[in-house]
Amino acid sequence: MSAIAIKYNDEIVDLVTAEERGIEGEAIELDNSAESLDVLRHSTAHLMAQAIKSLYPDAEFYVGPTVKEGFYYDFKTASEVGEGDLKKIEKQMLVFAKKKYKIEKYEISMEEAKEKFKDDHLKLAVMERIPSDTVSIYKQGEFEDLCRGPHLPSVGLIRYFKLTKVSGAYLGGDSKNEMLTRIYGIAFATKEALKAHMDMMREAEKRDHRKLGNEMKLFTFREEVGAGFAIWLPAGGRLRSRLESLLFKAHRKRGYEPVRGPEMLRSDLWKTSGHYQNYGENMYFTNIDELEFGVKPMNCVGHIKVYEDELHSYRDLPLKYFEYGVVHRHEMTGALHGLFRVREFTQDDAHIFCTVDQIEEQIIDVVEFVDKIMTTFGFEYKMMISTKPEKAVGDAEVWEKSEAALVAAMEAHNLAYTIDEGGGAFYGPKIDIKILDAIGREWQCGTIQLDNNLPARFELEYNGEENEKIQPVMIHRAILGSFERFIGILTEHYAGEFPMFIAPTQVAIVPVAESHKEYAKLLSDKLIDINADSEIYAKNDSLNKRIRTAEKTRVPMIVVLGDEEIENKTVAIRDRRTREQYTLSEEEFLQLIQTKVNEVNF
RNA sequence: GCCGACAUAGCUCAGUUGGCUAGAGCAGCUGAUUUGUAAUCAGCAGGCCCGGGGUUCAAAUCCUCGUGUCGGCACCA
């Protein structure tokens, strides 16, 4: 196989450019390596543009880069382009690919380029962003495109690709600009790799929490209820309450006190907090007796009122209040997505009121809490510090001090972190915890936010050693983020096969015949006593059918009870994953379940 | 919010260029069967075809305005 490009000092250079510059390097062949695919996909994007141009002659083109999941090209045409048009474009791409056009390259001055593309206002927009005096043009057949490469030597090498989705995208990623059409695609060097990729996509689809949530009867959404409002079904309710009670204990052990604020509070408070000004367009408001109330979009104000309920001494601090706080946020329709983005959700929210000196140890405590939970579920995670955003309250000095405190805590404990400039909350900087799930996807869940602004706005204070008034620091933190989102993530992480300690049902009991139902009920009661939920499959169906039905619920363990078991006081266990069967005495079985249900503590 | 696609039974889906009483499988109900590790058999019932308005002799099908869902973009205190 011959080279498609070369690697020169870590730079991927295509063959025409290498010749032009008279350089040599390690050959990159057409295979499924990251470097090779990058070149292949970039050229496939160009081939797609060529096909689009021939089908829609008025098309103008913006940019067509490669991305993690393949490539895309942004363009504009007066015609409507829908999913149904992808086949047509693919077909045209194959026609051009078969012609094996050589991909040629030449350089022209910026001036010439602007003249050349004078009818394409998108290309002109691209050129505005290029500082150089000359640009390179890549040419295949009649089609020419402004591009810096690298590209394949010929379009004939492009064979295994698929256009995956069509969507809109704002020019330059800014919603104030016009919207272009974007088509995404994927390409590989081999047929097998393309097929493997498509198979993997289908596998990921099977894990989709919306699909599993429906199949497993965890939750539902209904048009008449309203977009973004989840309805929790019994199975989901059981799962959720297991999570809640585990987490409740974990908070109590760490010195958090349960509190609860009201669902809505007078708007004056949201004006004091700054939410009215900064976030009002996303809040729900209502007027009662000429007073305006805002439904809470977060729980801090309630917890501030708890703090204000009595005078505090420095000896009381830190004070840690927690609440499974239900919040409402009017998310934009296009943002809603299953349990991941909803308009009503419950945060595992807590606020720590402490002295400046306590910040570091408090943050480290929270980080350790997070670590305990994430490793229990088998998530890897990383942390990111987000700094002052454009929309912010409070003066610059306070912000600087808060940001420095977060960095100091991370540094002092040798914790790895990255920085997201301008990603903070409007009242303070934060540490976000991003978790990696079973199939390598990244999710943002936990967050630790340092806040000097709300304590100032609400004039919070405590008495110091000299009986002086001192303003406490407030730390907002959530670990799961929200139960909705976290359960969605867990569902996909485990592909619905929840471990015993969190599964909606721990055991499915299948009595062989009518006469064994009584023993099944007795066993079920004993399971409740050890905090395990079970379901008895005693319907008038064949044994095979009932085992099948139970299997499909993804219950971790199925036990079959018949004459033999009743006689010997045993249970016949069927393991979900291995489908292996083994027998345990009733006592051993209950012991096993008890261990498995209680083996996890956060 | 923006671009595009879609909405038929509890669920998954058929339903031809507008034309007979809108179909199937699963789930549900009734009966027979009482089962030893992934679907026993038979029968029955189940629909404002997402909602409003329109075009037409005739609308699940075409147009329009909503609502909701999906894929992205933008957004995510």
Side-chain angles (χ1 to χ4, degrees), chain A residues 69 72 74 76 80-86 164-184 205 208 210-211 214-215 217 220-229 270 273-275 277-283 297-298 300 327 329-338 340-343 386 389 391-393 423-428 430 432 444 447 449 451 453-454 476 481-482 485 510-517 537-552 558-565 572-575 579-581:
Chain A
E69 280 302 319
Y72 68 78
D74 283 351
K76 192 177 168 77
E80 275 189 6
V81 182
E83 269 148 47
D85 299 309
L86 294 183
T164 50
K165 45 202 170 197
V166 52
S167 80
Y170 294 108
L171 191 154
D174 188 335
S175 61
K176 287 194 271 294
N177 291 341
E178 64 181 310
M179 181 156 266
L180 310 176
T181 303
R182 171 175 297 181
I183 295 180
Y184 284 92
E205 244 172 69
D208 191 307
R210 293 166 299 184
K211 190 175 155 68
N214 182 31
E215 274 175 34
K217 300 247 171 245
T220 186
F221 289 91
R222 300 194 65 100
E223 185 180 344
E224 69 270 26
V225 171
F229 296 105
W270 301 118
S273 73
H275 286 91
Q277 302 84 317
N278 285 284
Y279 205 70
E281 70 270 26
N282 290 314
M283 285 177 66
M298 49 184 4
C300 8
V327 296
R329 298 179 181 181
H330 191 264
E331 301 287 358
M332 283 193 282
T333 49
L336 301 174
H337 182 99
F340 289 163
R341 280 288 281 281
V342 284
R343 285 178 172 160
S386 302
K391 259 189 181 183
V393 295
F426 75 82
Y427 44 74
K430 60 179 179 172
D432 282 330
Q444 208 246 284
T447 179
Q449 307 179 355
D451 184 355
N453 287 308
L454 288 183
H476 311 247
S482 80
R485 191 172 160 75
V510 185
V512 172
E514 190 85 38
S515 56
H516 311 122
K517 265 165 90 169
Y537 288 79
K539 236 183 59 179
N540 186 9
D541 274 329
S542 67
L543 181 70
N544 282 348
K545 177 67 176 292
R546 285 177 289 141
I547 284 169
R548 179 184 152 84
T549 310
E551 286 279 2
K552 283 175 66 170
I558 296 177
V559 307
V560 177
L561 304 176
D563 288 337
E564 224 173 282
E565 285 72 27
I573 295 172
R574 180 188 163 97
D575 187 275
R579 288 197 202 170
E580 273 169 19
Q581 295 157 36

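A, B, ... follow the sequence lines: proteins, then strands. Residue 1 opens every chain.
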Short N/O separations, protein against nucleotides 8-18 of chain B, under 3.5 angstrom:
from   : atom 1 : to      : atom 2 : distance (Å)
C11(B) : O3'    : N214(A) : ND2    : 3.3

*Identify, with sequence neighbours excluded, every residue that meets ring pair (Phe, Tyr, Trp, His ring centres under 6.0 Å) alongside Y537(A).*
none
*Considering residues at least two apart in sequence or located in another chain, which fulfil the side chain to side chain donor-acceptor pair (under 3.5 Å) criterion with N214(A)?*
none
*asked:* Closest approach to the side chain of R210(A), judged atom by atom: which nucleotide of U67(B), C76(B), G71(B) is it?
replied: G71(B)
*Would you tell me if any nitrogen or oxygen in the side chain of S167(A) comes within less than 4.0 Å of OP1 or OP2 on C3(B)?*
no
*Does K539(A) have any side chain to side chain donor-acceptor pair (under 3.5 Å) partners at least two apart in sequence or in another chain, and if so, which?*
D541(A)
*Base versus backbone protein contacts along nucleotides 27-38 of chain B [heavy-atom cut-off under 4.0 Å; B, S, -]*: SS---BBBBBBB
*Could I get the full list of side chain to side chain donor-acceptor pair (under 3.5 Å) partners for D85(A), not counting sequence neighbours?*
K88(A)
*By ring pair (Phe, Tyr, Trp, His ring centres under 6.0 Å), which residues pair with Y184(A), not counting sequence neighbours?*
Y72(A)
*Does C76(B) have OP1 or OP2 sitting under 4.0 Å from an N or O in the side chain of R329(A)?*
no
*Taking OP1 and OP2 of G72(B), is either one under 4.0 Å from a side-chain nitrogen or oxygen of Y170(A)?*
no
_Any residue meeting side chain to side chain contact (heavy atoms under 4.5 Å, CB included) with E178(A), in chain and number order, not counting sequence neighbours_ = K76(A), H121(A), L122(A), L171(A), L180(A)
*With RNA chain B as reference, determine whether H337(A) or Q444(A) sits nearer its 5' end, using the nearest nucleotide of each.*
H337(A)
*Helical stems, RNA chain B - three or more consecutive Watson-Crick or G-U wobble pairs below 3.5 Å*: B:1-7 with B:67-73, B:10-13 with B:23-26, B:28-32 with B:40-44, B:50-54 with B:62-66
*Partners meeting side chain to side chain contact (heavy atoms under 4.5 Å, CB included) with S482(A) (sequence neighbours left out)*: F345(A), E484(A), R485(A)
*Partners meeting side chain to side chain donor-acceptor pair (under 3.5 Å) with H476(A) (sequence neighbours left out)*: H351(A), D451(A)
_E83(A): side chain to side chain contact (heavy atoms under 4.5 Å, CB included) partners, not counting sequence neighbours_ = V166(A)
